[in-house]
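Worth knowing before you read on, the calculation uses all heavy atoms, side chains too, and leaves out hydrogens, waters and symmetry mates.
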Amino acid sequence: MSKSSQFALLRQRRFAPFFWTQFFGAFNDNVFKTALLTILTYEALSWTSMDVNLLNNLIPGLFILPFVVFSATAGQLADKFEKSRLARYVKVLEIIIMAVAAVGWMTHNLWLLILAVVGMGVHSTIFGPVKYAYLPQQLRQDELVGGNGIIEMGTFVGILLGEVLGAVLVVHKPWGIELVAGGTLAIAIIGWLFSRGIPLTPAAEPALQINWNPITETVRNLGFSRKNRPVFLAMLANSWFWFYGAIVLAQFPLYAKNYLHGDHSVFVLLLTVFSLGVGTGSLLCERLSGHKVEIGLVPFGAIGLSVFGLDLFLASLGYTNTAMVDMAGFVQQHGSWRILFDCVMIGLFGGLYIVPLFAVIQTRCDRRHLSRTIAGMNIMNALFMVVAALVAMTLLSFGFTIPQIFLVTAILNAIVAIYIFTVVPEYLVRFVAWIVIHTIHRVHTVNRDRIPDEGAAVLVCNHVSYVDAIVIMAASPRPIRFVMDHRIFKIPVLAWLFKTAKAIPIAPAKENPELMERAFAQIAAALEDGDLVCIFPEGKLTSTGEMNEFRGGIKKIVERTPVPVIPMALSGLWGSMWTRSAGNPFQRSFKRGPLSALQLTVGEAIAPTQATPEYLQQQVQTLRGAWQ
């Protein structure tokens, strides 16, 4: 996967049938829901006397209500039963629901259509845990980010096309209602046909005893998820995105009609650019992350969500048109392109935000409990979306305008992001590392897959610059505990980064024996906990570009805690602003300019009995010779 495009998965049976199954499910959901919301927004009087504002927030809320009630049960089903068969059963259920909806369309029975909305919520509730638990069983870890990106892209393209088709078909005269009724039933059948090609995917825990009480199982499920703090906080961060998206998307119909003074085609245009943005952001994740789980993209996405949410509010204030326009007329209005750009960027940064979170949950969760963890996340998503609907309705009742709701949402997003990234600083650490290696240097990693996905190991590397730890941190799929000279540990600005990353400061025995012994104790404790520890055996930065002699600390470490040792070599950093020149320890070299190429080469694991300083130095020197 590291050498091929993520789109190659679409040619493989282990991925393609499943992708198209979920694509047509998302597509059909949104053809149906958008058609219903459009007809109620633009032709409400012929269907109901209820308040349209209320219905525009109530119907999405009813769709996600089953996630609250049935997700715990759905997670158990996905862990207990073989997933391809379960997917086919879900598609049969979708056919039945769309048949009921067709009756509602033909008879103008709003309550029958609302019943179908709830039914499609049940359909999505059952399929959700299957979708995200299926991927880790069929894809390698280095394919997960790309696979999740394709799934998210497909989901939002399905949402986009469904919203466009639903909004266009339902107002088509004189056969709009009939086209929606027949089209949604046909799409459900197509999804079922694709589901028949999904390969066998064994149950994660076939002996599981299902607890059919949704309340007690929900409590137990969330309680279990909370024990894995990184996963649980990733779930919370994921749910926040759905809160943000639910508020923004629920306002689009009336925003298009009452503030942009557009017909339904303007509403469709807003949905189109937003969905294209999410799809683009989801696909960009693999390229920007380098085919690994890169949680540094999550703060990047959160920043974009707030910045462009705020700008959407400002852009709305600058829009002055008061005449009713269609799509062509809207794009000719002053300020319209800024509004569309903001919608695209909110979607794009949303994709960058959410895809890495899914990958974190899939890779750091107990595989036997993955479906139930995904179900727990769906419960949280649903609760956040219900709260989003209530918040939106409350703000509207207090006289807030829709642009003001966009502003409130952007501010809330900033507050929540600060909280999450303060509680789990690993996100910010990885973000800083990602920024450094993508703005100042171009980093090429060779044999990164030799860094173990789990279990304790010591990484050893030559010491070239003040940012060696940041480059290595950004290349690793896992957190690393770095051992570094206490003086580097105290460098302003970088000190915060190193402390947040739980680096271990060390000093020579003759300088501070107590700090040295404390460092070795911390190293041993980290390795016993199964962590990765990285040391620079030279003990100091090179001042000539050549390696210094490796010291004996590594031998002491592996004698105390025998674990594999993995040699690595950094090439290309010497001569950059981050290095030290000979003669003056405070003088920097600037021989290499910005965006210069770097290479991190990872060697084969070495048994602790072989990990002498001399042998390791020889291995690192050999790896340096591979600099391309």
Side-chain angles (χ1 to χ4, degrees), residues 445-465 468-469 471-473 475-476 478 480-489 503-571 573-574 580 599-627:
T445 307
V446 179
N447 296 324
R448 181 174 50 215
D449 57 346
R450 291 175 176 172
I451 300 175
D453 293 328
E454 56 186 19
V458 177
L459 311 177
V460 299
C461 189
N462 57 317
H463 205 1
V464 185
S465 76
D468 292 349
V471 174
I472 296 170
M473 181 195 308
S476 172
R478 295 170 58 190
I480 299 175
R481 300 287 300 277
F482 287 91
V483 182
M484 59 181 58
D485 187 285
H486 68 108
R487 288 163 295 191
I488 296 178
F489 187 83
I504 301 170
I506 194 169
K510 62 182 180 181
E511 181 181 337
N512 191 332
E514 182 181 346
L515 179 58
M516 187 187 74
E517 287 304 318
R518 187 160 64 244
F520 280 114
Q522 288 179 283
I523 293 168
L527 292 173
E528 288 168 4
D529 287 341
D531 292 340
L532 289 178
V533 173
C534 181
I535 69 169
F536 301 98
E538 295 167 86
K540 61 181 179 179
L541 287 176
T542 177
S543 59
T544 64
E546 297 301 321
M547 287 171 55
N548 297 302
E549 182 181 352
F550 277 24
R551 298 180 180 180
I554 181 60
K555 187 175 181 180
K556 185 175 180 179
I557 291 171
V558 295
E559 283 178 348
R560 184 168 180 173
T561 314
V563 296
V565 180
I566 300 169
M568 303 188 300
L570 274 168
S571 307
L573 263 172
W574 173 249
R580 176 189 295 169
Q599 181 167 296
L600 175 67
T601 308
V602 184
E604 296 277 7
I606 296 171
T609 54
Q610 294 180 284
T612 63
E614 298 77 15
Y615 182 67
L616 287 171
Q617 183 161 3
Q618 177 187 351
Q619 294 299 306
V620 173
Q621 187 67 55
T622 301
L623 293 172
R624 285 184 71 205
W627 164 239

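Arg551 CZ to Phe536 CZ: the interatomic distance, rounded to the nearest 0.5 Å, is 14.0 Å. Distance check, rounded to the nearest 0.5 Å: CD of Glu559 to CD1 of Ile554 gives 10.5 Å. With rounding to the nearest 0.5 Å, the separation of CD1 in Ile535 from CD1 in Ile504 is 10.5 Å. Expressed to the nearest 0.5 Å, how far CG of Asn462 lies from CE of Met547 amounts to 5.5 Å.
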Residues 512-523 side chain polar contacts: donor-acceptor under 3.5 Å, at least two apart:
unit_1, atom_1, unit_2, atom_2, d
Asn512, OD1, Glu514, N, 3.4
Asn512, OD1, Leu515, N, 3.0
Glu517, OE2, Lys556, NZ, 2.9

Donor-acceptor contacts, no H, no angles, side chain residues 607-617, under 3.5 Å, sequence neighbours left out:
unit_1, atom_1, unit_2, atom_2, d
Thr612, OG1, Tyr615, N, 3.2
Tyr615, OH, Gln619, NE2, 3.4
Gln617, OE1, Phe550, N, 3.0
Gln617, NE2, Asn548, O, 3.2

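Among residues two or more places apart in sequence or in another chain, the side chain to side chain donor-acceptor pair (under 3.5 Å) test is passed with Glu528 by none. For Ala457, the side-chain contact (heavy atoms from CB on, under 4.5 Å) partners two or more places apart in sequence, or in a different chain, are Pro452, Leu532, Ile566. Applying the salt bridge (charged side-chain N to carboxylate O under 4.0 Å, His left out) rule to Glu604 yields the partners Arg450; only residues at least two apart in sequence or on another chain are considered. Among residues two or more places apart in sequence or in another chain, the side chain to side chain donor-acceptor pair (under 3.5 Å) test is passed with Glu549 by none. For Arg560, there are no salt bridge (charged side-chain N to carboxylate O under 4.0 Å, His left out) partners two or more places apart in sequence or in a different chain. Remark: Ala503 pairs with Phe482, Met484, Phe489, Phe498 by the side-chain contact (heavy atoms from CB on, under 4.5 Å) rule, at least two apart or across chains.
By the 4.5 Å heavy-atom criterion applied to side chains, Ile472 and Cys461 are counted as neighbours. Between Ile451 and Ile480 the shortest side-chain heavy-atom distance does not fall below 4.5 Å.
Looking at every heavy atom in both residues, Ala569 comes nearest to Leu623 through CB-CB, 3.6 Å.
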